[in-house]
Amino acid sequence: MTTASNGDLERIAKMAAKEAVSETFLSLGMDVSNPASVISVQGQFSFLRNMHYAARHLRNVIIAGVVSAIVSGAVWAVWTGFKASAAAPSATISVPGGSR
C-alpha cells in the first residue's frame, strides 16, 4: 500500500475543487473557459443587483409615503377637533324663572 505525500494530496484536492467548481458553474450555464460567457453572467448578476437596490428604494419610498399619510391624517383630525371645540358656543345653564 502506497501512501501519498502531503504535496500529492494537496494537488489532488485542488484539482478536485477546480473540477467541482467548473461543473457547478457549467450546470448554472456559465462556461468558465469562455470569457464571453463569464462576462454575460456578470452582466446578469449586475442587473439583478441593481433591481434589488431599486426594489429596496421603492419599498422605502412607499413606507415613507404611508407613514406620512398616517401622520398627516392624525394631525388633520386633531386640528379639526380643536377648531370644532374652539368654535362651539359655551354651555350656559339656565335657571327656571329667569336669571338672578
Side-chain angles (χ1 to χ4, degrees):
M1 187 162 164
T2 308
T3 59
S5 67
N6 286 341
D8 290 339
L9 290 177
E10 186 175 332
R11 184 177 52 79
I12 292 170
K14 283 183 181 181
M15 285 176 32
K18 284 183 182 181
E19 182 71 22
V21 169
S22 178
E23 286 182 16
T24 301
F25 282 141
L26 193 57
S27 69
L28 294 173
M30 182 173 67
D31 183 14
V32 292
S33 63
N34 182 3
S37 173
V38 175
I39 291 171
S40 172
V41 171
Q42 286 176 346
Q44 292 171 0
F45 279 122
S46 175
F47 175 77
L48 289 174
R49 183 178 58 246
N50 290 339
M51 288 297 293
H52 171 75
Y53 290 146
R56 184 186 303 170
H57 179 70
L58 180 63
R59 183 198 65 199
N60 291 342
V61 167
I62 289 172
I63 289 172
V66 169
V67 169
S68 297
I70 291 170
V71 169
S72 296
V75 168
W76 174 81
V78 168
W79 180 250
T80 302
F82 174 74
K83 286 191 329 182
S85 68
S90 60
T92 57
I93 301 175
S94 61
V95 178
S99 61
R100 296 189 186 171

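Worth saying up front: this structure is predicted, and the values here are computed from it rather than measured.
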Does Phe45 share a hydrophobic cluster with Val32, counting links as ILVMFWY side-chain heavy atoms below 4.5 Å and allowing steps through other members? yes

Verdict with supporting geometry, Tyr53 and Arg56, side chain to side chain contact (heavy atoms under 4.5 Å, CB included): CA-CA 5 Å; Tyr53 290 146; Arg56 184 186 303 170; 4.3 Å; yes

Open item on the list: Is there a path of hydrophobic side-chain contacts, each under 4.5 Å between heavy atoms of I/L/V/M/F/W/Y residues, joining Phe25 to Leu48?
Closed with: yes

Output for pair (Ser37 OG, Leu26 CG), nearest 0.5 Å, gives 8.5 Å

In terms of heavy-atom contacts, Ser33 and Pro35 come closest through O-CD, 3.5 Å

Asn6 atom CG, neighbour heavy-atom count above 12 within 6.0 Å
no

In this structure, CD of Gln42 is separated from CE of Met30 (nearest 0.5 Å) by 8.0 Å

The reported gap from NZ in Lys18 to NZ in Lys14 (rounded to nearest 0.5 angstrom) is 7.5 Å

Between the CG atom in Asp31 and the OG atom in Ser40, the distance rounded to the nearest 0.5 Å is 12.0 Å

| query | Does the Ser27 side chain pair with the main chain of Thr24, one donor and one acceptor, at a distance under 3.5 Å? | reply | yes

The reported gap from CG in Leu28 to CD in Glu23 (rounded to nearest 0.5 angstrom) is 12.0 Å

